[in-house]
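Remarks on the structure that follows.
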Amino acid sequence: MPTTFTADPEFAHHFRRLHQVFMYVTDRCNLECEQCIYKPSISHFINEEIPLDDALGLLATFRKLGAGKVTFLGGEPTLYGHRQGGRPLLDLIEGTRALGYEYVRIDTNGQRVSSLLEQPSFARLDEVAFSLDGFSAQTNDPLRGKGTFVRAVDAIRKAVGLGYFVTVTCCVQKLFLDRDEAGMLNLERMIRFVEGLGVHQVNFHDLFKVGIPMDTWTGNFAPRPQDWVPVYEELSAKARSGAFGIKVRLPQCFVTKAEFARAPDYYGYCPVKLGERVMVHPNGTIRICSNLICTAFGVATWGEGRIGWEWSHANELAGHDLDRMTPCTNRSRHKKYGDLVPVCFSFKPGQDEYVWNHRLGWDASKPGLAEAAAS
Ligand SMILES: C[S@@+](CC[C@H](N)C(=O)[O-])C[C@H]1O[C@@H](n2cnc3c(N)ncnc32)[C@H](O)[C@@H]1O
Ligand code: SF4
């Protein structure tokens with residue numbers, strides 16, 4: 001068994017309902033996506049990777065605190081341990097399974113995953129999530145780089161053929177809100193495209209400019225909040241009515257002030273307040289909210305067998321009202337949206353996701369849902 005890290009009591013207390021780990025195993029990447037949330041880390045890293053022993057030690061500690069799901073990402077996680085021919089990534093997957101994690105997945109850009117897909121240890125993953133930001137080279141490559149669409153789609157087809165549970169993660173760039181001649185939203189075209197590839201689920205990420213540091217390095221692809229609200233309504237209604245052959249995870253992102261006031265405990269879902277996740281980085285930072293990614297803000301640090309609470313002003317909990325559910329704190333610190341308020345970027349009603357459904361049962365907490373089901 002890997003040696004666990006000793007966690008400060010403050011850490012263990014805040015994460016007493018820990019469910020999932022996002023482990024940024026490497027800061028190295030083989031692409032330079034225009035919109036990349038992680039750009040500062042992949043352009044300047046000193047500690048490139050989380051060493052295998054540390055990765056497994058941290059995972060053992062988080063497992064003891066209750067975590068059941070792990071995502072490996074970065075940077076590009078298929079580059080993890082590239083100096084040792086990639087073996088450390090396979091050992092990491094095996095070691096994570098041995099710790100008893102129930103759901104283990106990887107986020108990849110799909111550019112050099114082909115030979116890994118044939119490895120039995122890689123096949124122990126519950127999910128391979130490929131990033132694709134368009135339904136054609138013309139719509140994808142301006143974000144992810146020339147040639148990336150063709151390579152990722154080839155890898156997706158191979159993974160589907162080999163029987164993996166394959167998902168696609170897609171950033172909602174503003175052209176997805178445009179319609180084709182027949183009136184179909186490009187966002188729907190994206191769903192139909194990945195459905196045609198045999199993918200099992202598509203998970204959308206938002207790219208809104210919301211008054212946070214990454215606004216400055218994530219390019220110019222963001223839709224306007226007021227344009228997103230009707231598109232969200234239209235597509236989420238379609239997904240609910242069973243119009244798509246695959247599962248769709250759509251971020252709601254904004255609700256009206258009146259709707260929020262009707263159900264704050266539901267719309268106020270916040271991983272920072274719930275302590276339901278940790279994001280772990282090679283530079284020793286542990287953070288909760290990806291709105292603060294690549295900043296000095298975090299909740300703890302790891303190193304030399306210990307997880308230490310962040311006692312300085314850089315603790316990301318600052319300003320969060322831990323006793324009351326509110327609109328997203330980080331997205332409303334420096335920005336206002338008229339009649340709308342921001343909800344968490346991970347707030348995706350109806351999504352089929354391990355923590356959201358199985359651990360938290362968040363959909364069931366929506367006021368009015370129980371009455372509607374009973375009537
Ligand atoms: C940072 S990447 C790391 C894993 C891998 N390199 C990849 O591209 O899938 C993790 C996920 O974040 C998404 N992402 C990148 N920039 C983003 C942004 N500005 N906002 C939201 N998600 C973003 C990527 O598309 C990818 O699906
Ligand atoms: S492949 Fe992933 S980590 Fe690399 S630049 Fe693109 S989004 Fe960022």
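We count ligands from 1, going down the list as the structure has it; atoms in each ligand are counted the same way.
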- Run the salt-bridge test on Arg124 and Glu94 with the 4.0 Å N-O cut-off and return the result as yes or no. yes

- Query: Taking the six-membered ring where the residue is Trp, are the ring centres of Phe45 and His281 under 6.0 Å apart?
  - Reply: no

- Report yes or no: does Arg287 contribute a side-chain atom to a donor-acceptor pair with the main-chain N or O of Phe297 at less than 3.5 Å? yes

- Residues Glu48, Arg83: salt bridge by 4.0 Å N-O rule: yes

- Item | Glu310 to Ala314 - nearest heavy-atom pair and separation | CG-C, 3.9 Å

- Item | Test: Glu195 and Arg192 ion pair at under 4.0 Å | yes

- Message: Heavy-atom pairs closer than 4.0 Å: do any link ligand 1 to the side chain of Cys171, the backbone, both, or neither?
- Response: side chain

- Query: Between Gln351 and Glu353, is there a donor-acceptor pair closer than 3.5 Å when you use the side chain of the first and the backbone of the second?
  - Reply: no

- Task: Check each heavy atom of Ile42 against ligand 2 and say whether those closer than 4.0 Å belong to the side chain, the backbone, both or neither.
- Result: side chain

- Item | Option of least heavy-atom distance to atom 4 (C) of ligand 1 (set: Gly75, Ser131, Ser290, Gly110) | Gly75

- Item | Inter-residue atom distance Gln20.CD - Lys69.NZ, 0.5 Å rounding | 5.0 Å

- Task: May I ask whether Gln35 has any heavy atom positioned less than 4.0 angstrom from an atom of ligand 2?
- Result: no

- Task: Can you pull out the closest protein heavy atom to atom 6 (Fe) of ligand 2? Residue, atom name and distance to 0.1 Å, please.
- Result: Cys33 SG, 2.3 Å

- Query: Between the candidates Cys36, Ala152, Gly75, Gly110, which shows the shortest non-hydrogen contact distance to atom 8 (Fe) of ligand 2?
  - Reply: Cys36

- Could an N or O of ligand 1 be found under 3.5 Å from any N or O of His205, whether backbone or side chain? yes

- Task: Examine Trp356 together with Tyr269 and report whether their ring centres are nearer than 6.0 Å.
- Result: yes

- Are Arg359 and Tyr354 in a cation-pi setup, meaning NZ or CZ lies under 6.0 angstrom from the ring centre and within 45 degrees of the ring axis? no

- Task: Using a 4.0 Å heavy-atom cut-off, say whether Ile37 meets ligand 1 through its side chain, its backbone, both or neither.
- Result: both

- Message: Just to confirm my output: which protein heavy-atom neighbour is closest to atom 4 (Fe) of ligand 2, and how far is it?
- Response: Cys29 SG, 2.2 Å

- Message: Using a 4.0 Å cut-off to any heavy atom of Leu31, which atoms of ligand 2 qualify?
- Response: 1 (S), 5 (S)

- Nearest protein heavy-atom contact for atom 19 (N) of ligand 1: which residue, which atom, what distance? Gln35 O, 2.8 Å

- Just jot down the ligand 1 atoms closer than 4.0 angstrom to any heavy atom of Arg144, in number order. 7 (C), 8 (O), 25 (O)

- So is Glu76 polar-close to ligand 1, meaning N/O to N/O under 3.5 Å? yes

- Query: Does at least one non-hydrogen atom of Leu31 fall below 4.0 angstrom from an atom of ligand 1?
  - Reply: no

- heavy-atom search around atom 2 (Fe) of ligand 2 in the protein gives Arg144 NH2, 3.8 Å

